[in-house]
Amino acid sequence: MRATQLYAPTLRESPAEAELVSHKLMYRAGFIRKAAGGIYSYLPLGWRTMKKIMQIIREEMDAKGGQEIMMPIMQPAELWKESGRWAVYGDEMMRLKDRHGREFALGPTHEEIVTSLIRDEVRSYKQLPLMFYQIQNKYRDEIRPRFGLMRSREFVMKDLYSFDRDVDGMNISYEKMYDAYSRIFERCGLKFRAVEADNGAIGGGHSHEFTVLAPSGESSIAYCEKCNFAASDEKAELKIIHAAPEELRPLKKVLTPDCHTIELVKNFLNVPIEKTIKAVAFMDDEERLIVAFVRGDHDVNEIKVINSVAGANHLYMAGEKLIEAANSCAGFMSPIGLNDKAIIVVDQSVMEMSNAVTGANEVDAHFINVTPRRDFDARKITVADIRMVQEGDPCPHCGEPLKMTRGIEVGQIFTLGKKYSEALNATFLDEDGTTKYFEMGCYGIGVGRTMAAAIEQNNDADGIIWARAIAPFEVVVVPVNAKDSAQLAFAEEIYNELAAAGVDVLLDDRKERAGVKFKDCDLIGYPLRVTVSPKTLDSGNVEIKVRRSEEFLNFARETCTEKILELLETL
Ligand code: ATP
Ligand code: MG
């Protein structure tokens, strides 16, 4: 392709709202344009990269037996009512009505549609296993659309759904997808980790998130350097922290005027923070009060709290009234003396503490010398792992101190079991003549988020640095002066030769100053630039700039295509 026929507007400035470097660079390099908050158009360069990522995804899905289909974006509310998710999905779902007043959703995900499709199509175990996938726009009315394509309201997702006869089959499908995802992100040239994840609202068995490592990422990951354990901070299971045995002192109430935070209490009573017990009061959808207790230096993990309380789906901060109704007051809560209106969840490590401090369920008073295993009423509390992981916590597998890092979730895989097949009554006839529900899995990749993550991980002050596999063009040939016919002819010759060798090459035949063209090349981030100048014409050599290493190489004209092909293999 020729640059004179390519719409690739480069800009000096980025939009004021752009915080992330990927957002700024995608805008400046002419990849995307905003239509509304979280809704974008892709310009030719951006769409070229998107298509390359989608092609890699397709190849790896197909290699595992995935079959590409296309399902409707507009989905009838009835199916979502059947699964029960119409009511619980909340404001993130884009809803609309047709002229007859029938309700629809713009698909945020496709479990309902695909399950109903299979329910109507597949009758026998002989037709299984099946893996259907599609690549299309998804819609989520995110509370805070931001960071460009990273968190948008309309975005391209690959979603695959697996249908198996039994759990073993489902687990094989899961392994296949785990493997395919690893290959996809490797081929995209990304540094990533597959981490154990919570399967959240989607329910079901196990899950992994594929996370591209980047300081700007919204996900926090705990990992072990010794045994390869890695989990999202929400998921990371924790071991009980045992405390050294101590002589137990009798429980005592003391006055603590205005000490309504852990910081204030610890200073007032002059105790280490590890000796304090912190309370966080939540309310769930049924307006039940749920009070979580963790050590003062720990943080409550809401997902773990939800998972430990039967029937809890969402948590909100509890108001004063609920707390008062449970015989307590905010800032001074304790499991000792809360009435039956409170569901009490205590972190497992709290139960190991002795001579600690909690509130006394009355204003300006705390208990000291609290020893939970002696002082808490075991019948009224649930003990569970409910805290967030912290750097240095022992690895749940090998005990080594854990490290923390940040990343961008680009894909997630789940086993769903029978959750949707039961809800939508999707069955098949098994070999033994019995009717069974399908065992399902679902597997998503954000295509635009993957493009953005690649830029987050690969950029410098001059612009983007693409891996060859997903670069909008692999090589750009730049005659420094396109008005000079000898230079242009020489550049065209190289361009034609490269194109004939199968290289995805651009000829920058614009009659711009060399400096402008070079800046554009660096900003857009083509892996290799071939420069044609009076010097190269005289010497019979061509000059190559490697974008990533900033190296300049000189190759003889005759061997340059071969050398470029070799070089591309390494990029
Ligand atoms: P997040 O936790 O970041 O909101 P999610 O866990 O809700 O994402 P999934 O339902 O697992 O997302 O969707 C599969 C993939 O789709 C994600 O891994 C991500 O790459 C992509 N994705 C999800 N939401 C968005 C969004 N708002 N904008 C762009 N990509 C998204
Ligand atoms: Mg996810």
Side-chain angles (χ1 to χ4, degrees), residues 20 22-23 26 32 34-40 42 46 50 53-54 57 61 85 88-94 105-112 114 133-161 174 177-178 180-182 184-185 188 190 192-204 206-212 214 216-221 231-235 302-303 314 406-416 419-420 441-457:
L20 290 192
S22 57
H23 188 184
M26 266 195 253
I32 57 166
K34 181 168 137 181
I39 301 177
Y40 292 88
Y42 305 84
M50 290 287 282
I53 298 172
M54 290 189 264
I57 294 173
M61 292 296 105
R85 286 209 288 185
V88 298
Y89 215 100
D91 290 339
E92 226 177 73
M93 185 141 83
M94 297 274 198
L106 298 182
T109 175
H110 276 62
E111 284 80 15
E112 282 74 2
V114 77
Y133 75 95
Q134 59 178 356
I135 304 178
Q136 64 161 205
N137 280 350
K138 294 276 183 282
Y139 296 82
R140 293 185 188 177
D141 198 357
E142 302 273 358
I143 301 183
R144 271 187 301 282
R146 56 191 175 149
F147 305 150
L149 298 187
M150 203 73 93
R151 183 166 297 286
S152 42
R153 297 195 295 165
E154 176 184 87
F155 58 97
V156 180
M157 196 206 280
K158 183 287 301 180
D159 45 331
L160 181 142
Y161 304 88
Y174 187 85
M177 283 300 121
Y178 185 99
Y181 273 45
S182 304
I184 288 164
F185 298 120
C188 290
L190 295 165
F192 69 95
R193 260 175 189 277
V195 307
E196 290 175 23
D198 186 82
N199 41 18
I202 231 161
H206 38 273
S207 176
H208 282 87
E209 279 170 4
F210 287 76
T211 308
V212 168
S216 59
E218 291 184 284
S219 310
S220 175
I221 303 165
S232 71
D233 61 348
E234 289 169 342
K235 169 74 179 179
E302 290 189 28
I303 301 228
H314 299 107
R406 298 199 73 80
I408 301 160
E409 179 207 315
V410 286
Q412 188 166 11
I413 59 177
F414 303 86
T415 58
L416 296 169
K419 182 175 158 99
Y420 293 94
C442 73
Y443 314 84
I445 294 182
V447 181
R449 197 185 277 186
T450 301
M451 171 158 84
I455 298 174
E456 282 302 313
Q457 214 172 51

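Both counts, for ligands and for their atoms, begin at 1 and track the order of listing.
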query: If you measure from each non-hydrogen atom of R449 to ligand 1, which part falls under 4.0 Å: side chain, backbone, both or neither?
result: side chain
Identity of the nearest option to atom 9 (P) of ligand 1, non-hydrogen atoms only, from E154, R140, K138: R140
- line: Near M150 (heavy-atom distance under 4.0 Å), the atoms of ligand 1 are 28 (N), 29 (C), 30 (N)
field: Counterpart residues, ring-ring contact (aromatic ring centres under 6.0 Å, His included), relative to F192 (two or more places apart)
entry: F185
- prompt: Below 3.5 angstrom, do we get any N/O pair linking F414 and ligand 1?
  reply: no
task: Please list, in chain and residue-number order, the protein N/O/S atoms closer than 2.8 Å to the Mg ion (ligand 2).
output: E409 OE2, Q412 OE1
statement: By salt bridge (Lys or Arg N to Asp or Glu O under 4.0 Å), E112 pairs with (sequence neighbours left out) R85
- prompt: Just distances here: any N/O of I445 and N/O of ligand 1 closer than 3.5 Å?
  reply: no
query: With a cut-off of 4.0 Å, which atoms of ligand 1 are near a heavy atom of G411?
result: 18 (O)
message: In this structure, is the centre-to-centre distance between the rings of Y133 and Y443 below 6.0 Å?
response: no
- request: May I ask whether T109 places a heavy atom under 4.0 Å from ligand 1?
  value: no
message: Please confirm whether S152 approaches ligand 1 to less than 4.0 Å, judged on its heavy atoms.
response: yes
The one among E209, E218, E409, R151 that brings a heavy atom closest to atom 3 (O) of ligand 1: R151
statement: side-chain contact (heavy atoms from CB on, under 4.5 Å) filter on A214, not counting sequence neighbours, yields S216, I408, E456
- prompt: Between E142 and ligand 1, which part of the residue brings a heavy atom under 4.0 Å of the ligand: side chain, backbone, both or neither?
  reply: side chain
